[in-house]
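Take a look at the structure below.
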Amino acid sequence: MSKNSIKIFPGAIVCEEAKLRGDITVGSGTIIHPCATIVAEAGPIIIGEQCLIEEQAKIVHRLPLDQQNKENTPVLIIGSHNVFEVGCTVEALKIGNNNVFEAKCFVGNKVTVTNGCTFGTGCVVTDEQILKENVSIFGAKCHMRESLDKPAPQTLQMETLVKLLPNYHHIRKPNCKH
Amino acid sequence: MSYITGPEVVSYACTCGLIKPLPKLYFCRHCSQIRCSFCVCSEVDSIFCGKCSENIPSAEATMKKNRCANCLICPSCQQELSTRIASKGPANPTDAKSPIKKTYYLSCYFCRWNSRDVGIPDQPSATGGWPQRDNVHSHRLQDVVDSYKQIMLSQKHKKEHDKKKKIGKFVSYTDRTGVTASALRKKIGIPDTPHALLKKPKMPEPAVASNDVDELPEHLITTPLNLMDITTVEQRLLQPESQPLTVDKLFPVRKQLSIKKSLRCRCCERNVSKPEFNPSSVKFKIQLFAYFHIPEVRIVSLSPLVEGVPSELILKFTNPTQHQTTITLLNLDLAEQENYVKELTVSEVAECLEHSLSLQSKQPGSLTSISVGSGSQPSSLLSLTPRQPSITVKPRKIEQHVNCDVEMPEGAFVLPPRDDAAEYDESSDVHNVEHDPKHVVWRKSNKAFIKLLVVPNANLQANQDVVCGFSMEHIYTNILVATMENKQPQKSHHRVRIFFNLGKITRE
């Protein structure tokens, strides 16, 4: 594993206790809690704006076995306004905007997540697929349904965290300019 | 807890002959007998809504078809729906001071279904007024319900009519001979004119089966199927009146009410379990669970089972009561139980006969004997049915096959009373039980490990479960009588049959 290179845009709150490995870019307004794990193993990870990554969440960029050993290194791009709740594990190939990964869900590395999707608590999604927009997966049997609009953004929660987190944690300094 | 007691490894035989694990059994203190869910009477104690925790009187519940008036559940995932606020700009955009207009819609936090998905308009008030959907078949249902109500009424009238007839001071000649007026009429050939109240109730028009079926829509074959648009079986059955085929016809459903039930011993008609009335409380007013009265037995260890070879079984006995008990292990003796059941049924039949005979002899005059002779229905039936307690439970034979012998240890052992503080007491084992028999391996406070030898039958198949069992006799201290009559606690010997599923035999 090469040296860590972490780029943080102004306005992002990245706690020092967060475990970041590899080449990671964090967009402005994104909050990364302590003890969140982000591993850029197969290539760089770019996280968009206003994402919320809670503690014990794991974002791993790891390619499926059949796609490894290719020449060009793929980039995992995570869009804006995504919420990664406590204890989720996300290895998806591509993540759009306004998705919610609820607590303890697992998304495998063959899944492409578009926009406005919800992965319910404890749901395990591993099959190769491109999810439609605004799909929510819920329940022990991973039922799927399509809703009309995207899940509501967590603005209130994020505003509180922006104020609270710096009071109790060491924050990494932003090292990039707009 | 359920991972220890849940799997049916150790099961106890109920007085009625069924076999269940200890946490599923009750113990009636008045009869000093074990009862299970099949030999108690269940009664509805209170009806409540699980979401708003409100008690609802049974009459009101019947009127509302056992559904809560305020709470709705999600038609997509059957979880409870919650109301969410959506603010729509100020009512009067030109006036800055006008209050922001709030509207409410329903949303499910679990599957993200919301009332806007199916086009239900937002409501101005939080408490609802959600549009009710009319049942297409409501008229037909009303017809059927009405006709059944009529049947009920006419039967009631008939009963009253019959009663009046019987009470009548003067016994008519036709009643004595068993030839009724209507029978006479038939004999003579006059058409039978029934009593006005006894008229046959009008039945609703029978449903007609139709042969006309819509043709198969072509789009079913031509367009690809989108499974996300189609409802699941659970979703359809949740709304039996409409049974929607597609998800855009899913409408919120009123939440079904729950009940709290109390259980009554069928022999003494006293409660063995009674919950607290308050719907938000999970406690009991009366809880006579066997778990608090009968010593609990668990398997500690078992050496590999080989057919025909003795292996060592260590059991842990726990005394759950506040009184010292003495446990004696006895042979299972299923034949004895079978005989007991047989004797009981024989004695019951005899009792019934005696009862009915005495009833007959008590009847004034020779009315009944005549009616029995002539075969007139009502009076003869009355005298023959024995008057028994409302519901009785007949014990059954214990249907449990045992294929493993247990070598019974000699002598009894003592279990000291349960002491909750003993766990924190470093210098434990104050109860030094003297003359501990050889088979007691270990003991601490109210628990003891007992070593037994089990011998699986020689002709066992490899895939067969090895089951052994024994009778446990323990001394049960009944404090109920003591508190009621200011006497010493009554001690009695209580015997229960216990079965162990020891797993499969090991092959070398």
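Worth saying up front: this structure is predicted, and the values here are computed from it rather than measured. Every heavy atom of this structure was used, including side-chain atoms; hydrogens, water molecules and symmetry mates were not. First the proteins, then the strands, lettered A, B, ... as listed; each starts at 1.
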Looking at A:Ile130, I'd like to know if its CD1 atom is crowded, meaning that more than 12 non-hydrogen atoms belonging to other residues, nucleotides or ligands lie closer than 6.0 Å. no
Verify the neighbour count for atom CG of A:Leu156: are there more than 12 heavy atoms of other residues, nucleotides or ligands below 6.0 Å?
no
Enumerate donor-acceptor pairs with a distance under 3.5 Å from any side-chain N or O in residues 61-75 of chain B to protein atoms, sequence neighbours excluded.
unit_1, atom_1, unit_2, atom_2, d
B:Thr62, OG1, B:Ser58, O, 2.5
B:Lys64, NZ, B:Glu60, OE2, 2.7
B:Arg67, NH1, B:Arg254, O, 2.8

Kindly provide each donor-acceptor pair between chain B and chain A shorter than 3.5 Å, listing atom names and distance.
unit_1, atom_1, unit_2, atom_2, d
B:Cys111, O, A:Ser136, OG, 3.0
B:Cys111, O, A:Arg145, NH1, 3.4
B:Arg112, O, A:Arg145, NH1, 3.2
B:Arg112, NH2, A:Glu102, OE2, 3.0
B:Asp117, OD2, A:Arg145, NH2, 2.7

Across all chains, not counting sequence neighbours, the side chain to side chain donor-acceptor pair (under 3.5 Å) partners of B:Lys261 are none
Note: B:Phe110 and A:Phe138 closest approach over all heavy atoms is O-CB, 3.7 Å
Sorted by chain and number, sequence neighbours left out, side chain to side chain contact (heavy atoms under 4.5 Å, CB included) with A:Pro166 holds for A:Ile13, A:Ile171
